[in-house]
Amino acid sequence: MYIQELHGSWIDHPFWKTRFLLTEKKDFLALRSCGIPSLSIDISKGLDVATSAEKAAAIVEENRQEEAEATQDRPDPEAAATPENPPQRAETGRVGMAEEIRKAQALCDHSRQAVIDMFTDVRMGNAINVSGVQDMVEDISASVARNPDALITLARLKTADDYTYMHSVAVCALMIALARQLGLDENQVREAGVAGLLHDTGKMCMPPEVLNKPGKLTDAEFNIMKGHPQAGHDVLVACNELSPGALEVCLHHHEKMDGSGYPARLAGEEISLLAKMGAVCDVYDAITSNRPYKKGWGPADSIHQMAQWCDTHFDRVVFQAFVKSVGIYPVGSLVRLQSERLGVVLEQHEHSLLTPRVKVFFSASSRMAIPQQIVDLSQPGTVDRIVGRESIEHWGFANIEQLWLAVEGK
(Lines give C-alpha, C1' and ligand atoms only; values in the text may rest on other atoms or scores of the structure.)
Protein backbone atom coordinates (compact mmCIF):
# COMPACT_ATOMS: atom_id res chain seq x y z
CA MET A 1 0.00 0.00 0.00
CA TYR A 2 1.03 3.61 -0.46
CA ILE A 3 1.12 5.53 2.85
CA GLN A 4 -0.30 9.00 2.23
CA GLU A 5 -0.33 10.32 5.81
CA LEU A 6 0.60 9.13 9.29
CA HIS A 7 -1.90 10.51 11.80
CA GLY A 8 -0.85 11.76 15.22
CA SER A 9 2.35 13.44 16.33
CA TRP A 10 5.52 13.03 14.24
CA ILE A 11 7.31 12.19 17.49
CA ASP A 12 5.29 8.96 17.82
CA HIS A 13 6.73 7.19 14.79
CA PRO A 14 10.25 6.30 13.55
CA PHE A 15 9.86 7.43 9.93
CA TRP A 16 11.46 10.64 8.67
CA LYS A 17 8.97 10.69 5.77
CA THR A 18 5.18 10.42 5.94
CA ARG A 19 4.47 9.44 2.30
CA PHE A 20 6.00 6.26 0.95
CA LEU A 21 5.25 2.89 -0.62
CA LEU A 22 5.10 0.24 2.10
CA THR A 23 6.99 -2.78 0.76
CA GLU A 24 9.17 -3.98 3.65
CA LYS A 25 7.89 -6.26 6.40
CA LYS A 26 10.08 -4.46 8.97
CA ASP A 27 8.37 -1.16 8.09
CA PHE A 28 4.97 -2.82 8.41
CA LEU A 29 5.88 -4.16 11.87
CA ALA A 30 7.23 -0.74 12.88
CA LEU A 31 3.91 0.85 11.88
CA ARG A 32 2.00 -1.74 13.89
CA SER A 33 4.09 -1.22 17.02
CA CYS A 34 4.60 2.57 17.07
CA GLY A 35 2.27 5.05 18.71
CA ILE A 36 0.28 6.40 15.75
CA PRO A 37 -3.49 5.80 16.06
CA SER A 38 -4.24 5.57 12.31
CA LEU A 39 -3.01 6.37 8.83
CA SER A 40 -4.34 7.18 5.36
CA ILE A 41 -3.42 5.34 2.15
CA ASP A 42 -3.65 6.39 -1.50
CA ILE A 43 -5.57 3.58 -3.19
CA SER A 44 -4.54 4.82 -6.64
CA LYS A 45 -0.86 4.10 -5.91
CA GLY A 46 -1.02 0.84 -3.99
CA LEU A 47 -0.04 -2.33 -5.82
CA ASP A 48 -3.14 -4.06 -4.47
CA VAL A 49 -5.31 -2.20 -7.01
CA ALA A 50 -3.05 -2.73 -10.04
CA THR A 51 -4.98 -4.54 -12.78
CA SER A 52 -1.97 -5.59 -14.81
CA ALA A 53 1.74 -6.25 -14.57
CA GLU A 54 2.37 -3.15 -16.68
CA LYS A 55 0.36 -0.93 -14.33
CA ALA A 56 2.11 -2.42 -11.30
CA ALA A 57 5.50 -1.73 -12.86
CA ALA A 58 4.46 1.85 -13.66
CA ILE A 59 3.35 2.47 -10.08
CA VAL A 60 6.58 1.05 -8.67
CA GLU A 61 8.61 3.29 -11.00
CA GLU A 62 6.55 6.37 -10.06
CA ASN A 63 7.05 5.65 -6.36
CA ARG A 64 10.76 5.02 -6.94
CA GLN A 65 11.13 8.41 -8.62
CA GLU A 66 9.26 10.15 -5.78
CA GLU A 67 11.56 8.44 -3.28
CA ALA A 68 14.66 9.47 -5.25
CA GLU A 69 13.52 13.11 -5.34
CA ALA A 70 12.75 13.13 -1.62
CA THR A 71 16.13 11.66 -0.68
CA GLN A 72 18.40 13.12 -3.35
CA ASP A 73 20.58 14.91 -0.80
CA ARG A 74 20.49 12.24 1.89
CA PRO A 75 23.07 9.46 2.33
CA ASP A 76 21.53 6.01 1.96
CA PRO A 77 22.38 3.92 5.04
CA GLU A 78 21.23 0.78 3.21
CA ALA A 79 23.57 1.26 0.24
CA ALA A 80 25.98 -1.60 -0.40
CA ALA A 81 29.46 -0.99 1.02
CA THR A 82 32.24 -0.99 -1.58
CA PRO A 83 35.76 0.51 -1.63
CA GLU A 84 34.26 3.47 -3.49
CA ASN A 85 31.22 3.62 -1.19
CA PRO A 86 32.31 2.69 2.37
CA PRO A 87 29.62 2.16 5.03
CA GLN A 88 28.38 5.27 6.84
CA ARG A 89 29.88 4.18 10.15
CA ALA A 90 33.36 4.12 8.60
CA GLU A 91 32.83 7.58 7.07
CA THR A 92 31.80 9.21 10.33
CA GLY A 93 34.30 7.33 12.50
CA ARG A 94 31.48 6.67 14.97
CA VAL A 95 32.39 4.50 17.94
CA GLY A 96 30.38 2.92 20.72
CA MET A 97 29.39 4.66 23.94
CA ALA A 98 31.73 2.49 26.03
CA GLU A 99 34.70 3.43 23.85
CA GLU A 100 34.04 7.19 23.95
CA ILE A 101 32.82 7.72 27.52
CA ARG A 102 36.29 7.82 29.12
CA LYS A 103 37.66 10.24 26.52
CA ALA A 104 34.57 12.40 26.92
CA GLN A 105 34.99 12.50 30.70
CA ALA A 106 38.57 13.74 30.36
CA LEU A 107 37.42 16.31 27.79
CA CYS A 108 34.64 17.52 30.12
CA ASP A 109 37.14 18.02 32.94
CA HIS A 110 39.58 19.89 30.69
CA SER A 111 36.85 22.02 29.08
CA ARG A 112 35.38 22.98 32.44
CA GLN A 113 38.68 24.48 33.57
CA ALA A 114 39.23 26.17 30.20
CA VAL A 115 35.79 27.84 30.37
CA ILE A 116 36.45 28.96 33.96
CA ASP A 117 39.70 30.57 32.80
CA MET A 118 37.98 32.17 29.80
CA PHE A 119 35.14 33.61 31.87
CA THR A 120 37.63 34.86 34.48
CA ASP A 121 39.36 36.81 31.72
CA VAL A 122 36.03 38.34 30.72
CA ARG A 123 35.30 39.40 34.32
CA MET A 124 38.72 41.05 34.52
CA GLY A 125 38.17 42.92 31.26
CA ASN A 126 40.70 40.90 29.28
CA ALA A 127 40.16 39.81 25.67
CA ILE A 128 38.91 36.30 24.93
CA ASN A 129 41.55 33.92 23.60
CA VAL A 130 39.76 33.11 20.34
CA SER A 131 42.45 30.64 19.26
CA GLY A 132 41.94 28.70 22.50
CA VAL A 133 38.17 28.73 21.95
CA GLN A 134 38.60 27.30 18.46
CA ASP A 135 40.90 24.55 19.73
CA MET A 136 38.36 23.60 22.39
CA VAL A 137 35.58 23.49 19.81
CA GLU A 138 37.71 21.22 17.59
CA ASP A 139 38.16 18.75 20.47
CA ILE A 140 34.45 18.82 21.34
CA SER A 141 33.52 18.43 17.66
CA ALA A 142 35.77 15.38 17.33
CA SER A 143 34.17 13.74 20.37
CA VAL A 144 30.65 14.43 19.10
CA ALA A 145 31.61 12.95 15.71
CA ARG A 146 32.87 9.76 17.38
CA ASN A 147 29.75 9.42 19.56
CA PRO A 148 27.42 12.36 20.31
CA ASP A 149 25.74 10.64 23.25
CA ALA A 150 28.86 10.46 25.43
CA LEU A 151 29.91 14.10 25.82
CA ILE A 152 26.39 15.54 25.57
CA THR A 153 25.11 13.32 28.35
CA LEU A 154 28.14 13.73 30.60
CA ALA A 155 27.94 17.51 30.29
CA ARG A 156 24.31 17.32 31.42
CA LEU A 157 25.42 15.79 34.74
CA LYS A 158 26.94 19.06 35.93
CA THR A 159 26.61 20.08 39.56
CA ALA A 160 24.66 23.19 40.45
CA ASP A 161 27.93 24.98 41.25
CA ASP A 162 29.37 24.11 37.83
CA TYR A 163 26.26 25.05 35.90
CA THR A 164 27.46 28.35 34.41
CA TYR A 165 30.66 26.77 33.04
CA MET A 166 29.50 23.32 31.94
CA HIS A 167 26.34 24.78 30.41
CA SER A 168 28.58 26.42 27.81
CA VAL A 169 30.32 23.11 27.06
CA ALA A 170 26.99 21.28 26.81
CA VAL A 171 25.43 23.86 24.47
CA CYS A 172 28.57 23.76 22.31
CA ALA A 173 28.26 19.97 21.93
CA LEU A 174 24.51 20.16 21.30
CA MET A 175 24.98 22.86 18.65
CA ILE A 176 27.60 20.76 16.85
CA ALA A 177 25.36 17.67 16.83
CA LEU A 178 22.36 19.72 15.66
CA ALA A 179 24.35 21.45 12.92
CA ARG A 180 25.42 18.09 11.51
CA GLN A 181 21.85 16.79 11.73
CA LEU A 182 20.72 19.82 9.70
CA GLY A 183 23.32 19.04 7.04
CA LEU A 184 25.49 22.13 7.55
CA ASP A 185 29.04 21.99 6.21
CA GLU A 186 31.96 21.58 8.60
CA ASN A 187 32.84 25.28 8.62
CA GLN A 188 29.26 26.02 9.69
CA VAL A 189 29.44 23.20 12.23
CA ARG A 190 32.51 24.79 13.81
CA GLU A 191 30.83 28.21 13.76
CA ALA A 192 27.83 26.68 15.56
CA GLY A 193 30.18 25.15 18.15
CA VAL A 194 31.95 28.45 18.81
CA ALA A 195 28.56 30.18 19.09
CA GLY A 196 27.39 27.59 21.62
CA LEU A 197 30.53 27.87 23.72
CA LEU A 198 30.34 31.68 23.87
CA HIS A 199 26.57 32.23 23.95
CA ASP A 200 26.46 33.06 27.69
CA THR A 201 29.59 35.23 27.80
CA GLY A 202 27.47 38.17 28.97
CA LYS A 203 26.64 36.43 32.25
CA MET A 204 30.17 37.27 33.38
CA CYS A 205 29.15 40.94 33.21
CA MET A 206 26.20 40.41 35.55
CA PRO A 207 26.37 41.19 39.30
CA PRO A 208 27.61 38.01 41.07
CA GLU A 209 24.92 38.27 43.74
CA VAL A 210 22.26 38.06 41.00
CA LEU A 211 24.02 35.51 38.79
CA ASN A 212 24.73 33.14 41.69
CA LYS A 213 21.53 33.67 43.68
CA PRO A 214 20.39 30.24 44.96
CA GLY A 215 16.69 31.09 44.84
CA LYS A 216 14.26 32.38 42.27
CA LEU A 217 15.03 35.83 40.89
CA THR A 218 12.77 38.78 41.62
CA ASP A 219 11.33 40.70 38.68
CA ALA A 220 13.96 43.40 39.15
CA GLU A 221 16.77 40.82 39.23
CA PHE A 222 15.40 39.08 36.16
CA ASN A 223 15.36 42.38 34.30
CA ILE A 224 19.05 42.77 35.17
CA MET A 225 19.80 39.26 33.86
CA LYS A 226 17.95 40.04 30.63
CA GLY A 227 20.85 42.37 29.87
CA HIS A 228 23.36 39.51 29.52
CA PRO A 229 22.84 38.90 25.75
CA GLN A 230 23.68 42.51 24.89
CA ALA A 231 26.58 42.57 27.36
CA GLY A 232 28.02 39.39 25.87
CA HIS A 233 27.56 40.70 22.35
CA ASP A 234 29.54 43.82 23.25
CA VAL A 235 32.38 41.68 24.65
CA LEU A 236 32.50 39.47 21.56
CA VAL A 237 32.37 42.40 19.12
CA ALA A 238 35.45 43.83 20.84
CA CYS A 239 37.37 40.65 19.95
CA ASN A 240 37.24 41.50 16.23
CA GLU A 241 37.92 37.81 15.46
CA LEU A 242 34.55 36.12 15.73
CA SER A 243 32.05 35.33 12.98
CA PRO A 244 28.73 37.15 12.65
CA GLY A 245 27.00 33.85 13.50
CA ALA A 246 28.65 33.63 16.91
CA LEU A 247 27.67 37.23 17.64
CA GLU A 248 24.10 36.54 16.48
CA VAL A 249 23.65 33.55 18.79
CA CYS A 250 25.05 35.44 21.79
CA LEU A 251 22.65 38.33 21.22
CA HIS A 252 19.50 36.44 20.17
CA HIS A 253 19.46 32.97 21.80
CA HIS A 254 16.57 34.11 24.04
CA GLU A 255 14.33 35.25 21.18
CA LYS A 256 11.14 33.23 20.60
CA MET A 257 9.24 32.41 17.43
CA ASP A 258 6.13 34.29 18.62
CA GLY A 259 8.10 37.49 19.31
CA SER A 260 7.85 37.30 23.10
CA GLY A 261 11.58 36.80 23.70
CA TYR A 262 14.38 39.27 24.37
CA PRO A 263 16.29 41.52 23.83
CA ALA A 264 14.81 42.57 20.44
CA ARG A 265 11.47 40.67 20.44
CA LEU A 266 12.33 39.17 17.06
CA ALA A 267 9.80 36.74 15.58
CA GLY A 268 9.74 33.96 13.00
CA GLU A 269 12.13 34.43 10.12
CA GLU A 270 13.60 37.55 11.72
CA ILE A 271 15.58 35.10 13.85
CA SER A 272 18.62 33.55 12.13
CA LEU A 273 19.04 29.79 11.80
CA LEU A 274 21.96 29.72 14.25
CA ALA A 275 20.00 31.75 16.82
CA LYS A 276 17.04 29.35 16.45
CA MET A 277 19.45 26.48 17.05
CA GLY A 278 20.93 28.24 20.05
CA ALA A 279 17.48 28.73 21.58
CA VAL A 280 16.68 25.00 21.43
CA CYS A 281 20.09 23.83 22.71
CA ASP A 282 20.15 26.41 25.52
CA VAL A 283 16.70 25.51 26.82
CA TYR A 284 17.26 21.73 26.63
CA ASP A 285 20.43 21.87 28.69
CA ALA A 286 18.93 24.36 31.12
CA ILE A 287 15.81 22.33 31.94
CA THR A 288 17.68 18.99 32.18
CA SER A 289 20.31 20.40 34.57
CA ASN A 290 20.15 20.66 38.35
CA ARG A 291 20.14 24.28 39.49
CA PRO A 292 20.52 25.71 43.00
CA TYR A 293 16.78 26.37 43.11
CA LYS A 294 15.40 23.56 40.94
CA LYS A 295 16.11 19.92 40.13
CA GLY A 296 16.44 19.21 36.42
CA TRP A 297 13.79 17.32 34.46
CA GLY A 298 14.51 13.95 32.94
CA PRO A 299 15.78 14.11 29.34
CA ALA A 300 12.75 12.37 27.80
CA ASP A 301 10.35 14.52 29.84
CA SER A 302 12.23 17.60 28.63
CA ILE A 303 11.90 16.58 24.97
CA HIS A 304 8.17 15.97 25.50
CA GLN A 305 7.70 19.36 27.17
CA MET A 306 9.72 21.23 24.54
CA ALA A 307 7.55 19.68 21.82
CA GLN A 308 4.63 21.59 23.34
CA TRP A 309 6.57 24.84 22.88
CA CYS A 310 7.11 24.47 19.14
CA ASP A 311 5.97 27.45 17.05
CA THR A 312 5.75 29.69 20.14
CA HIS A 313 9.30 29.26 21.48
CA PHE A 314 11.07 27.16 18.85
CA ASP A 315 11.25 26.72 15.10
CA ARG A 316 9.54 23.39 14.41
CA VAL A 317 12.00 22.19 11.75
CA VAL A 318 14.99 23.00 13.96
CA PHE A 319 13.39 21.27 16.94
CA GLN A 320 12.61 18.13 14.95
CA ALA A 321 16.23 17.97 13.80
CA PHE A 322 17.30 18.43 17.43
CA VAL A 323 15.18 15.46 18.52
CA LYS A 324 16.78 13.34 15.81
CA SER A 325 20.21 14.33 17.10
CA VAL A 326 19.59 13.47 20.79
CA GLY A 327 16.72 10.99 20.48
CA ILE A 328 13.10 10.90 21.62
CA TYR A 329 14.48 9.01 24.62
CA PRO A 330 17.95 10.55 25.15
CA VAL A 331 20.67 8.67 27.00
CA GLY A 332 19.83 8.55 30.69
CA SER A 333 16.06 8.44 30.15
CA LEU A 334 14.08 6.05 32.33
CA VAL A 335 11.69 4.05 30.13
CA ARG A 336 9.10 1.31 30.52
CA LEU A 337 9.18 -1.59 28.09
CA GLN A 338 6.22 -3.62 26.89
CA SER A 339 7.52 -6.46 29.08
CA GLU A 340 6.86 -4.22 32.14
CA ARG A 341 10.57 -3.92 32.78
CA LEU A 342 12.06 -0.52 33.56
CA GLY A 343 15.38 0.45 32.05
CA VAL A 344 17.69 3.35 31.39
CA VAL A 345 18.64 4.29 27.82
CA LEU A 346 22.33 3.63 27.16
CA GLU A 347 22.83 4.62 23.53
CA GLN A 348 20.87 5.77 20.50
CA HIS A 349 20.48 3.77 17.31
CA GLU A 350 21.96 5.70 14.38
CA HIS A 351 18.89 5.35 12.16
CA SER A 352 15.91 4.81 14.46
CA LEU A 353 14.61 7.04 17.25
CA LEU A 354 12.56 4.28 18.86
CA THR A 355 15.10 1.44 19.17
CA PRO A 356 17.95 2.48 21.48
CA ARG A 357 20.04 0.17 23.66
CA VAL A 358 18.46 -0.06 27.11
CA LYS A 359 19.76 -1.49 30.39
CA VAL A 360 16.80 -3.07 32.20
CA PHE A 361 17.09 -3.39 35.99
CA PHE A 362 13.63 -3.27 37.59
CA SER A 363 10.21 -4.94 37.25
CA ALA A 364 7.36 -2.44 37.26
CA SER A 365 4.78 -5.20 37.90
CA SER A 366 6.51 -6.83 40.89
CA ARG A 367 8.23 -3.61 42.00
CA MET A 368 11.45 -5.50 42.54
CA ALA A 369 14.97 -5.23 41.18
CA ILE A 370 15.85 -7.76 38.48
CA PRO A 371 19.23 -8.85 37.09
CA GLN A 372 20.61 -6.08 34.91
CA GLN A 373 20.53 -6.83 31.20
CA ILE A 374 21.33 -4.78 28.12
CA VAL A 375 18.59 -5.00 25.47
CA ASP A 376 19.27 -3.74 21.95
CA LEU A 377 15.80 -2.92 20.69
CA SER A 378 17.06 -2.59 17.11
CA GLN A 379 18.15 -6.22 16.82
CA PRO A 380 16.06 -8.50 14.55
CA GLY A 381 13.83 -10.75 16.58
CA THR A 382 13.62 -8.39 19.56
CA VAL A 383 9.95 -8.37 20.52
CA ASP A 384 10.18 -5.89 23.39
CA ARG A 385 9.70 -2.17 22.76
CA ILE A 386 9.45 1.11 24.64
CA VAL A 387 5.89 1.97 25.62
CA GLY A 388 6.57 5.17 27.53
CA ARG A 389 8.87 7.32 29.62
CA GLU A 390 8.91 7.12 33.42
CA SER A 391 9.70 9.60 36.18
CA ILE A 392 12.88 8.86 38.13
CA GLU A 393 11.48 10.83 41.08
CA HIS A 394 8.24 8.84 41.07
CA TRP A 395 10.13 5.57 41.40
CA GLY A 396 12.64 6.97 43.87
CA PHE A 397 15.71 5.70 42.06
CA ALA A 398 18.93 7.27 43.33
CA ASN A 399 22.11 7.69 41.27
CA ILE A 400 20.50 6.22 38.18
CA GLU A 401 23.28 7.74 36.08
CA GLN A 402 25.60 5.04 37.39
CA LEU A 403 23.62 2.53 35.33
CA TRP A 404 24.59 4.13 32.04
CA LEU A 405 28.01 5.41 33.12
CA ALA A 406 29.02 1.80 33.76
CA VAL A 407 28.45 0.91 30.11
CA GLU A 408 29.81 -2.41 29.00
CA GLY A 409 30.39 -2.96 25.34
CA LYS A 410 28.41 -6.17 25.39
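What you see is a predicted model; the values in this text were computed from it and never measured. Both backbone and side-chain heavy atoms feed into the values below; hydrogens, waters and symmetry mates do not. Start at 1 with the first residue, then count along the sequence.
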Closest non-hydrogen atom pair between [X] and [Y], with its separation:
X: M277; Y: A192; answer: CE-CB, 4.2 Å
X: C250; Y: G232; answer: SG-C, 3.4 Å
X: L211; Y: K203; answer: CD2-O, 3.4 Å
X: V115; Y: S168; answer: CG1-CB, 4.4 Å
X: A104; Y: A150; answer: CB-CB, 3.9 Å
X: V130; Y: C239; answer: CG2-CB, 4.3 Å

Without swapping roles, check the side chain of [X] against the backbone of [Y] for a donor-acceptor pair under 3.5 Å.
X: H199; Y: G196; value: yes
X: E100; Y: N147; value: no
X: E255; Y: A264; value: yes
X: H304; Y: A300; value: no
X: S333; Y: P330; value: yes
X: H349; Y: S352; value: yes
X: Q348; Y: G327; value: no
X: D285; Y: C281; value: no
X: T288; Y: Y284; value: yes

Check the pair Q305, D301 against side-chain hydrogen bond (donor to acceptor under 3.5 Å, both in side chains), reporting the backbone distance first and the verdict last. CA-CA 6 Å; Q305 182 60 58; D301 289 334; over 6 Å; no
Side chains of [X] and [Y] in contact at under 4.5 Å (non-hydrogen atoms):
X: H253; Y: D200; answer: yes
X: R180; Y: E186; answer: yes
X: R316; Y: Q320; answer: yes
X: M166; Y: C108; answer: yes
X: R389; Y: Y329; answer: yes
X: K158; Y: V169; answer: no
X: L217; Y: M225; answer: yes
X: D121; Y: I128; answer: no

Please identify which of these residues, [options], meets the side chain to side chain contact (heavy atoms under 4.5 Å, CB included) condition with [X].
X: R357; options: L377, V345, V375, I374; answer: I374
X: I271; options: E248, K256, K276; answer: K276
X: I386; options: L354, V335, T355; answer: V335

Flag for [Y]-[X]: side-chain donor and acceptor within less than 3.5 Å:
X: D376; Y: S378; value: yes
X: R190; Y: S243; value: no
X: S339; Y: D384; value: yes
X: Q113; Y: D109; value: no
X: Q230; Y: D234; value: yes

Assert yes or no for the condition that the ring centre distance of F397 to F361 is strictly below 6.0 Å.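 So the answer is yes for these two rings.
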At what distance, to the nearest 0.5 angstrom, does [atom1] of [X] lie from [atom2] of [Y]?
X: Q134; Y: S141; atom1: CD; atom2: OG; result: 12.5 Å
X: M175; Y: S325; atom1: CE; atom2: OG; result: 11.5 Å
X: L247; Y: L274; atom1: CG; atom2: CG; result: 11.0 Å
X: K294; Y: I287; atom1: NZ; atom2: CD1; result: 7.0 Å
X: E221; Y: K216; atom1: CD; atom2: NZ; result: 11.5 Å
X: C172; Y: I140; atom1: SG; atom2: CD1; result: 4.0 Å

What orientation do H254 and Y262 show, parallel under 30°, tilted 30 to 60°, or perpendicular over 60°?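 Parallel.
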So Y163 and H167, would you call those rings parallel, tilted or perpendicular, with 30° and 60° as cut-offs?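 If you compare the ring of Y163 with that of H167, the planes turn out parallel.
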Is a salt bridge present between K213 and E209, judged by a nitrogen-to-oxygen distance below 4.0 Å?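 E209 and K213: not salt-bridged.
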R367 CZ: over 12 foreign heavy atoms closer than 6.0 Å: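 No, the 6.0 Å shell around CZ holds no more than 12 heavy atoms from other groups.
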Chi angles and distances behind the side-chain contact (heavy atoms from CB on, under 4.5 Å) call for L342, E390: CA-CA 8 Å; L342 300 185; E390 292 287 331; 3.9 Å; yes
L198 vs M118, test: side-chain contact (heavy atoms from CB on, under 4.5 Å). Steps then yes/no. CA-CA 10 Å; L198 299 177; M118 178 180 69; 3.6 Å; yes
Report the C-alpha separation of E393 and K295 in whole Å, then their side-chain angles, then the decisive distance to 0.1 Å, and conclude whether the side-chain contact (heavy atoms from CB on, under 4.5 Å) test is met. CA-CA 10 Å; E393 289 71 30; K295 185 173 177 59; 3.1 Å; yes
Go through the steps for L174 and V280 under the test side-chain contact (heavy atoms from CB on, under 4.5 Å), then give the verdict. CA-CA 9 Å; L174 289 165; V280 172; over 6 Å; no
